[in-house]
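Accompanying notes for the structure given below.
In what follows, every heavy atom counts, from backbone to side chain, and hydrogens, waters and symmetry copies are set aside. First the proteins, then the strands, lettered A, B, ... as listed; each starts at 1.
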Amino acid sequence: MSQVNRITGGRIDRSTQIAFTFNGKVMHGHPGDTLASALLANGQRLVGRSFKYHRPRGIFTAGSEEPNALVELRRGAAQEPNTRATTAELFDGLDARSQNHRGPLGFDFMAVTDLLSPFLAAGFYYKTFMWPRAFWEKLYEPAIRDAAGLGRLSGQDDPDIYDKGYLHCDLLVIGSGPAGLMAARTAARAGARVILADEDFALGGRLNAETLAVDGRAGADWAAETVAELAAMSNVRLLGRTTVYGAYDHGVYGALERCTDHLADSGGKPRQVLWRIYAKRAVLAAGATERPIAFGNNDRPGVMLAGAVRAYANRWGVAPGRRVAIFSNNDDGWRTAADLMARGIEVPAVIDSRDRAAPLDLPGTRHVRAGAVADTQGRKGLRRITLTDGQMIDVDCLAVSGGWNPNVHLTCHQRGRPAWRDDLSAFVPGGDLPPGMVVAGAANGALTLGAALREGRAAVEAMGYADKTPLPEAEDEPRDCAPMWHVKDSRARAWLDLQNDVTVKDVKQAHQEGFRAVEHLKRYTTLGMATDQGKTANIPALAIMAECTGKTIPETGTTMFRPPYTPVPIGALAGRARGRHFRPYRLTPSHDWAKANGATFVEVGNWLRAQWFARPGEAGWRDSVDREVRTTRTSVGICDVTTLGKIDIQGRDAAEFLNRVYCNGFATLAVGKVRYGLMLREDGVAYDDGTTARLAEHHYVMTTTTANAVTVFRRLEFARQCLWPDLDVHLISTTDGWAQFAVAGPKSRDLLRKVVDADQDLSNEAFPFMACGAVTVCGGTPARLFRISFSGEMAYEIAVPARYGNAMMGVLMEAGKEFDACPYGTEALGVMRIEKGHAAGNELDGRNTAHNLGMGRMVSQKKDCIGNVLSQRPEMIREDAVQLVGFRPVDPEARLIAGAHFLDTGAEATMDNDQGWMSSVAHSPTLGHAIGLGFLARGAARMGEILRAVSPVHGTETEVVVVSPHFVDPEGERLRG
Amino acid sequence: MIIAHPLLGPRDASEFVYLGDAALIDRPDWQAPDAAERFHAYGYLRDNPAGAHRELWYHEQGDRSWLVVTRDTVTHEISRVELARDAARARGRGR
Amino acid sequence: MADFTLTSWPPLAGTDMTLAGVRLWAPTDLAVVSLALPLGREDAAMAAIKAAHGTALPEIGKSVVTADGVRLIRLAPDLAFAVFTHATPDAERVVAERLGGAVYTTEQTDVWVALGLSGPDARRALERICMLDLHSDAFAVDDAARTVMEHLGVLILRTGADDYLLLSASSSAMSFLHALETSLRNIA
Amino acid sequence: MRYSALKILREGLTGNKGWKPVWREPEPKSEYDIVIIGAGGHGLATAYYLAREFGMRNIAVLEKGWLGSGNIGRNTTIIRSNYMLPGNEPFYEMSLKLWEGLEQDFNYNAMVSQRSILNLFHSDGQRDAFVRRANAMKLAGADAELADADQLRAELPFLDFDNARFPIKGGLYQRRGGTVRHDAVAWGYARGADARGVDIIQNCEVTGFDISDGRCHGVETTRGPIRAAKVAVCVAGSSSRVMEKAGLRLPIESHVLQAFVTEGLKPVIPGVITFGAGHFYVSQSDKGGLVFGGDIDGYNSYAQRGNLPVVEDVAEGGMAIMPMIGRARLLRSWGGIMDMSMDGSPFIDRTPVDGLYFNGGWCYGGFKATPASGFCYAHLIARDEPHPVATQMRLDRFARGNLIDEKGMGNQPNLH
């Protein structure tokens with residue numbers, strides 16, 4: 001097929017021809033074309049099917065408001081459904097397919113729904129498909145789901161990359177038509193930092209689509225000159241192909257820049273960039289959208305908006321039809337006739353709904369005064385129109401203009417509600433605009449070119465930006481408009497929402513059934529819910545509802561406009577955050593050593609930690625973990641515990657501060673000593689635990705759990721600044737600064753003696769359990785040594801500056817060779833803590849109190865501390881509350897399941913009989929059987945009782961004995977050894 | 001949203017962490033005879049106004065200051081930003 | 001006692017590349033020490049800093065390079081960082097000794113990793129991840145700010161017209177590098 | 001008027017002229033036995049069950065705007081009963097059972113679609129918590145099923161198993177979970193209540209309460225005073241504002257929750273899927289849009305709109321687990337105001353004022369609760385005692401220390 005409808009003129013590059021395909025058929029166009037203009041040039045009128053009735057549809061508009069011409073673009077993983085042909089920039093090799101039909105586009109099997117339309121009126125599905133009940137998911141819904149939807153996702157990972165960014169400016173100008181260009185030029189010349197954004201790839205807005213002159217030359221040429229001037233200024237940033245889609249609080253705007261969508265291949269660069277624009281002020285110059293008039297069968301391919309028809313002729317050099325009738329309720333429609341005729345396109349008639357003389361003198365066309373189109377013919381493309389007076393006109397295109405709606409969307413993204421203007425029959429920006437925003441030009445209801453230029457300048461002059469040069473000269477073309485929303489004499493179905501197939505009858509039925517509030521209307525009929533968000537449909541539908549209720553349009557209401565202005569890909573909103581880079585990851589200082597020594601890693605929050613270290617010959621992770629536990633308990637094991645939060649606390653009041661943030665006493669901790677601390681939330685629930693060491697009179701270092709490192713710091717800052725602002729306390733995180741290793745086991749002291757420099761006496765007397773101090777290692781490297789134990793063995797934690805962490809791990813292992821030392825991971829760590837009955841994340845779950853954890857007596861009532869008052873509420877210290885106890889299976893071979901619930905022997909498995917739950921389980925290599933920690937009602941008083949640990953979700957139950965949670969060395973002799 | 005930090009100037013709210021009503025500064029006296037009731041009200045009851053709301057924000061990705069921000073919960077307009085430490089002292093908090 | 005040697009292993013050692021005409025490199029001999037001013041004794045602390053370095057602490061959000069090459073960065077009313085070239089792990093002691101106990105000092109060197117960014121398009125790359133306005137009217141040479149980039153806390157300093165120094169947590173060094181490297185690749 | 005396929009056929013053949021208004025538009029009377037404030041899902045359900053189950057007829061439901069204009073019309077339409085704690089789970093399971101018979105009950109197709117809900121887990125700790133929860137569900141008579149990573153790989157091949165930052169280790173299915181056409185729930189209940197004589201009065205804002213001697217005798221409205229023996233507040237999102245008129249402070253903060261829908265797509269996602277390591281959940285509507293959401297914006301707000309950081313956070317979560325949705329376009333976003341309670345769980349209770357009842361604090365979970373909330377509230381109002389599955393949803397539970405804290409986040413509403 002050749003470009004049969006290509007005519008002269010237009011702002012396309014005719015020197016280059018590019019090939020593309022539509023439904024596999026090769027066609028040609030030129031740089032500067034959209035897919036829609038190229039399809040029209042090639043005579044392709046039928047481009048898609050509607051959502052509900054699968055009616056044949058063509059191109060309706062020339063912009064982002066397009067309801068009909070949606071295609072699937074590109075192939076394979078890059079397939080992009082629901083792409084508007086009217087905004088898709090043509091590139092060589094573009095591959096587009098029509099969507100939402102079964103069988104070829106021309107013979108859609110699903111078009112049978114059109115014949116059934118009397119039974120598929122608004123809301124029909126709420127009234128049926130209810131019997132029998134089970135058929136909904138099995139039969140009705142799958143059929144509906146299959147028929148619904150539009151384009152298809154590929155089901156494969158999006159192959160493109162996306163990026164985001166932040167821009168700052170004094171003035172953001174949204175829209176580069178006459179008002180936007182004037183606003184940007186004026187402010188830029190006055191020295192403001194300006195960003196000018198436009199969704200189109202060609203800046204200039206409607207100037208590119210019109211034949212109106214500015215300063216005596218073609219408007220498009222004036223636009224190009226102005227853009228060139230702006231592009232040369234260092235204080236201006238031009239963002240073409242960029243849609244400002246949302247106005248957020250405090251002058252933050254969301255904008256989507258399409259960087260490579262106009263290229264066949266993104267070349268490894270971001271396909272789109274999502275900008276957050278911080279604008280001190282903004283001028284909304286987003287123009288206006290033309291609206292249709294509803295009449296019988298007004299949805300056929302060839303029925304188009306008049307401004308779009310004109311744009312195709314003027315900007316793209318394309319004749320949307322060869323015999324084009326105009327149907328208009330306003331003066332602007334006449335300009336379409338004039339422009340088409342000037343390009344040699346036959347305009348048999350201008351049907352003006354107004355009973356008045358022609359605003360333009362157009363010899364060669366017929367003026368049908370006070371006329372209207374009642375119906376159309378042509379199954380897959382318009383052939384003929386029938387007027388209300390019965391006369392028929394053969395045409396292949398009908399250009400319809402029902403007036404223009406200012407694009408007020410962004411003015412309403414916060415609290416603004418549009419206001420009705422009778423003289424325009426349209427909503428214009430009302431009050432409560434986003435702070436800092438002013439509106440200019442057509443978006444503000446200034447629909448003539450001269451007014452747009454004046455308003456563009458005035459808008460920024462009001463902000464203090466002045467330009468003394470005279471305003472460009474342009475005419476104020478006639479814009480009279482008399483409202484006509486639908487042709488009442490039409491008997492056939494008349495469409496309002498073309499994509500979702502909402503007709504005038506549907507609106508009337510909604511009224512009849514009581515769905516009269518605008519939101520009810522939308523929700524009941526699906527009006528305005530399609531991909532175009534009703535940009536051409538909502539106002540006419542609102543007007544028809546107003547007719548039904550006898551109220552005015554503003555009384556009937558308007559709908560909310562919310563971001564985004566046009567749809568934004570999820571990939572762009574996510575930017576780079578996907579796959580492994582979804583969130584940052586943190587590595588421990590000994591990560592490289594661990595990687596080289598058989599570690600399997602596990603995500604612990606953002607950290608990657610060694611989970612276990614497999615050795616040759618081990619059959620599975622249990623073998624490795626059991627070995628690591630046994631080695632630690634019999635000799636010595638080493639574990640990187642850097643991930644625990646470390647907070648450096650200094651100040652004259654540090655001791656008092658700690659005494660208030662921990663529930664147990666800290667006032668008496670001596671220098672050189674460490675104490676275990678339990679922190680409550682203010683609501684009395686156990687929150688975090690760890691050890692705090694007093695390094696000097698006014699210097700402490702606190703450790704927190706890995707999970708709570710950040711939030712504990714936050715809470716401490718809250719206490720320091722908001723609760724006790726006059727305590728001299730200073731906090732700074734040192735978590736990443738120190739590589740810290742647990743060296744645990746009966747041989748730990750022997751090992752450390754080889755590493756810690758000799759001037760530190762490590763004997764039990766000189767450095768007993770809970771001692772701490774600054775030491776040096778390996779001949780002078782500063783380090784900190786803590787005699788603390790999580791494993792229950794004699795143990796130390798040694799910290800060195802993080803840069804030495806990887807080497808330190810190697811040194812410790814080297815020094816431990818003679819003891820068969822082993823590294824251990826988080827699994828062995830977990831087994832040993834369960835063997836010792838220490839609470840960890842599964843127990844400190846934000847719901848358990850110190851009372852539940854068996855630590856109720858730690859909560860001092862003799863001092864002020866966070867959480868102690870509310871921890872004493874009656875139901876939190878109930879006798880029959882759950883308490884942390886240990887469990888072992890009656891059958892030593894049996895396994896335990898974390899998450900099992902406890903039931904008395906013989907009790908029915910119901911929630912009323914629930915006695916508690918198992919929180920952590922492990923196989924204890926030390927004891928040779930499974931062990932568990934759990935919370936049991938009145939647990940502490942039930943030692944020796946036999947219960948059932950049931951896991952209905954696994955279909956299992958196990959008899960367990962209630963025991964002390966301290967499975968190994970309950971007296972704690974080992975750690976003091 | 002943008003919070004005009006009293007020391008650092010305008011900063012995006014995503015540098016901050018939100019806590020809630022600035023009344024959380026007014027932690028009751030643990031030894032008051034009705035301490036239980038007062039802590040219950042402190043911990044759980046909120047004015048939750050539709051309009052001006054004094055609230056606590058923490059500049060976690062910044063200078064680590066806690067701020068008292070007066071923000072309208074209907075319009076989101078911010079009318080005042082103070083350092084919480086100053087606000088706390090003004091409310092009589094000290095050591 | 002056997003002889004064991006600890007070798008230093010900074011996370012980004014050796015990073016030095018040029019992308020989009022911008023050099024991205026990791027200085028690995030920078031020491032960082034935090035200085036906290038005791039409550040009620042701020043004047044004495046400021047005086048001690050001035051005495052030790054010959055320069056007063058700058059305003060919040062500013063930094064100053066002292067005659068002896070220490071960059072003092074004021075981060076909050078009661079907090080500053082001293083950043084200087086110093087290879088051995090005793091920076092805190094060195095700083096503390098000069099301040100004679102008037103200031104609470106904490107070793108921060110290994111808490112952070114640094115990346116330098118130099119070149120005319122450095123700002124254009126940072127635009128992709130940094131929400132602060134880095135235009136020279138808003139962020140001049142020697143200005144400093146803590147902010148968040150790609151979920152990472154970052155201390156950003158402008159060291160020259162087209163030069164920036166960024167510090168972020170050492171444990172997430174690889175993500176930090178990825179963030180900056182990707183920004184450069186995406187504008188290349 | 002009874003709806004059926006036959007009725008549609010008859011109407012279709014006669015030009016759809018015979019459809020009647022789904023509800024009346026009555027003038028308010030000066031007195032009712034019961035006045036319900038708020039014609040949202042819960043208020044309409046309460047009226048419906050009061051009429052249907054408890055034989056009350058002289059009821060008005062007052063609505064400031066149009067019926068269904070609150071959170072019933074701005075949510076992500078999910079139903080489920082996958083709670084853990086005894087204070088919640090039996091209640092939500094009752095709700096799910098009511099959903100299962102709802103359409104036949106009120107003769108309106110609300111498209112209750114039990115296509116399953118899946119909560120993914122990414123660590124052993126999360127798995128343990130899910131096992132505990134799954135077992136609590138089973139003990140309460142609900143269904144629950146654990147799936148391992150291999151099973152999920154086979155069922156949902158589009159999830160990111162191989163390149164994910166947080167590996168998918170498995171998931172907790174509730175096969176009876178799913179979605180419902182949210183507006184239709186309000187319409188169905190309204191139609192059912194209206195047919196039983198309940199006056200639904202739209203555009204009627206309550207401006208005050210008539211309280212004397214510790215008893216509520218009625219309300220002041222923009223359409224005049226209305227007396228009532230019992231006044232039942234049911235205005236989640238505005239609870240603090242309305243109850244303040246009765247002199248009560250609540251353990252509630254108002255927060256905005258955003259939700260999103262994409263352009264229509266052919267079916268790609270079978271049920272509801274929830275990410276366990278980021279803020280994202282998604283389902284696909286019958287019209288083909290991906291309906292998704294995430295976390296609340298996090299600051300007190302009465303504005304039904306949110307800000308970009310949360311939009312981005314949600315999209316990041318989506319791309320992290322299902323990178324196939326990158327080219328799906330976000331079409332609409334909206335914001336609802338949530339009654340965020342201090343422990344994340346709701347209230348259905350009497351108040352210290354006699355004759356004044358309160359239902360609220362639903363956080364972001366009110367939609368799924370609609371039938372049980374209406375039923376239990378009706379029970380409380382009619383009988384003056386809580387329904388057995390709602391005995392813990394009391395306003396005084398914080399003073400007593402009986403928290404229903406599913407997330408374990410304590411008294412900070414924006415963390416629930």
Side-chain angles (χ1 to χ4, degrees), chain A residues 80 82 118-119 121 124 126-130 141 144-145 148-150 152-153 155 157-158 248-249 254 509 512-514 517 523 531 562-563 567-571 573-574 577-580 582-583 603 681 683 685 841-842 845-847 873 875-876 898-899 901 909-911 914 917 951-953, chain D residues 3 5 8 12 16 19 21-23 66 86 103 108-109 113-114 125 128 131-132 134-135 138-140 144 146 158 163 165-166 183-184 263-268 286-288 307-308 311-312 315-316 318-320 323-331 333-334 400-402 405 408-411:
Chain A
E80 195 190 327
N82 305 335
F119 313 109
F124 77 96
Y126 299 123
K127 299 167 183 164
T128 183
F129 300 135
M130 287 177 272
E141 189 181 45
I144 290 172
R145 289 171 75 81
L150 292 165
R152 295 164 300 159
L153 283 180
D157 295 359
D158 187 340
Y248 296 91
D249 279 320
Q509 188 190 324
Q512 184 183 324
E513 294 192 77
R523 290 155 190 261
T531 62
R562 300 172 177 284
V568 179
I570 293 174
L573 290 164
R578 56 185 285 197
R580 295 199 190 282
F582 166 56
R583 289 291 178 263
E603 282 79 2
R681 290 191 310 235
D683 69 354
V685 169
N842 282 12
D845 66 354
R847 279 180 294 268
R873 284 176 283 173
E875 298 212 20
M876 292 176 80
H901 288 239
T910 67
M911 207 158 224
D914 195 358
W917 69 97
S951 187
V953 75
Chain D
Y3 291 154
I8 288 179
N16 287 306
W19 298 113
V22 178
W23 44 73
W66 37 278
E103 295 155 307
Y108 204 76
N109 185 358
S113 173
Q114 295 181 286
D128 295 349
V131 172
R132 178 184 166 197
N135 283 328
K138 299 282 267 189
L139 292 180
L146 292 169
F158 54 82
N163 192 36
R165 172 70 180 75
F166 297 102
D183 290 319
E263 297 176 341
L265 299 161
K266 292 294 178 196
V268 282
D286 285 343
K287 278 191 67 195
N307 276 296
L308 257 179
V311 185
E312 296 176 40
E316 289 172 6
M319 286 299 281
M324 73 162 173
I325 62 174
R327 301 178 102 80
R329 298 188 196 88
L330 188 160
L331 173 66
S333 65
W334 62 94
R400 290 183 284 113
N402 178 33
D405 189 347
M409 285 299 173
N411 58 335

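Between D:Y3 and D:Y108, the ring-plane angle classifies as tilted under the 30° and 60° cut-offs.
Under the rule for a side-chain hydrogen bond (donor to acceptor under 3.5 Å, both in side chains), D:K287 has no partner lying at least two apart in sequence or in another chain. For D:W66, the ring-ring contact (aromatic ring centres under 6.0 Å, His included) partners are A:H520, not counting sequence neighbours.
A heavy-atom distance below 4.5 Å is not found between the side chains of A:V685 and A:R847.
Closest non-hydrogen pair, A:H901 versus D:N135, comes out as CD2-CB, 3.3 Å. Closest non-hydrogen pair, D:A328 versus A:L153, comes out as N-CD2, 3.9 Å. Counting all heavy atoms, side chain and backbone alike, D:V131 lies closest to A:A898 at CG1-O, 3.3 Å. When all heavy atoms of D:E263 and A:P567 are compared, the closest pair comes out as OE2-CG, 3.2 Å. For A:F124 against A:F129, the heavy-atom pair with the smallest separation is CE1-CE1, 3.9 Å. Pairing each heavy atom of D:S333 with each of A:P563, the nearest pair is OG-O, 2.7 Å.
Of the listed residues A:T910, A:T531, A:D158, the one with more heavy-atom pairs under 4.5 angstrom with chain D than any other is A:D158. For the set D:G288, D:G410, D:G408, the count of heavy-atom pairs under 4.5 angstrom toward chain A peaks at D:G408. In terms of heavy-atom pairs under 4.5 angstrom with chain D, the leader among A:G514, A:P569, A:A909 is A:P569. The greatest number of non-hydrogen atom pairs below 4.5 Å with chain D, out of A:R523, A:E141, A:R152, A:R583, is found for A:R523. Heavy-atom pairs under 4.5 Å with chain A were tallied for D:L330, D:L146, D:I8, D:D183; the largest tally goes to D:L330. For the options D:N411, D:N16, D:V311, heavy-atom pairs under 4.5 Å to chain A are most numerous at D:N16. Looking only at heavy-atom pairs under 4.5 Å with chain A, the residue among D:G318, D:P86, D:S113 that has the most is D:S113. With respect to chain A, the highest number of heavy-atom pairs below 4.5 Å among D:R327, D:R400, D:E316 belongs to D:R327. In terms of non-hydrogen atom pairs under 4.5 Å with chain D, the most contact-rich of A:D249, A:D683, A:D914 is A:D249. Per-residue heavy-atom pair counts under 4.5 Å with chain D were compared for A:M130, A:R578, A:E603, A:M876, and the maximum is reached by A:M130. For the set A:A574, A:G254, A:A148, the entry with the most heavy-atom pairs within less than 4.5 Å of chain D is A:A574.
Residue contact with chain D, scored on non-hydrogen atoms closer than 4.5 Å, involves the side chain of A:A517 exclusively. Only the side chain of A:Q509 comes within contact range of chain D, with heavy atoms under 4.5 Å apart. Heavy atoms closer than 4.5 Å to chain A are found in both the backbone and the side chain of D:V22. Of the atoms belonging to A:R145, heavy atoms from both backbone and side chain fall under 4.5 Å from chain D. The contact between A:D845 and chain D is made by backbone and side chain atoms together, counting heavy-atom distances below 4.5 Å. Contacts between D:N402 and chain A at a heavy-atom distance below 4.5 Å involve backbone atoms as well as side-chain atoms.
A salt bridge links A:K127 and A:E513; the closest N-O separation between the charged side-chain nitrogens and carboxylate oxygens is under 4.0 Å.
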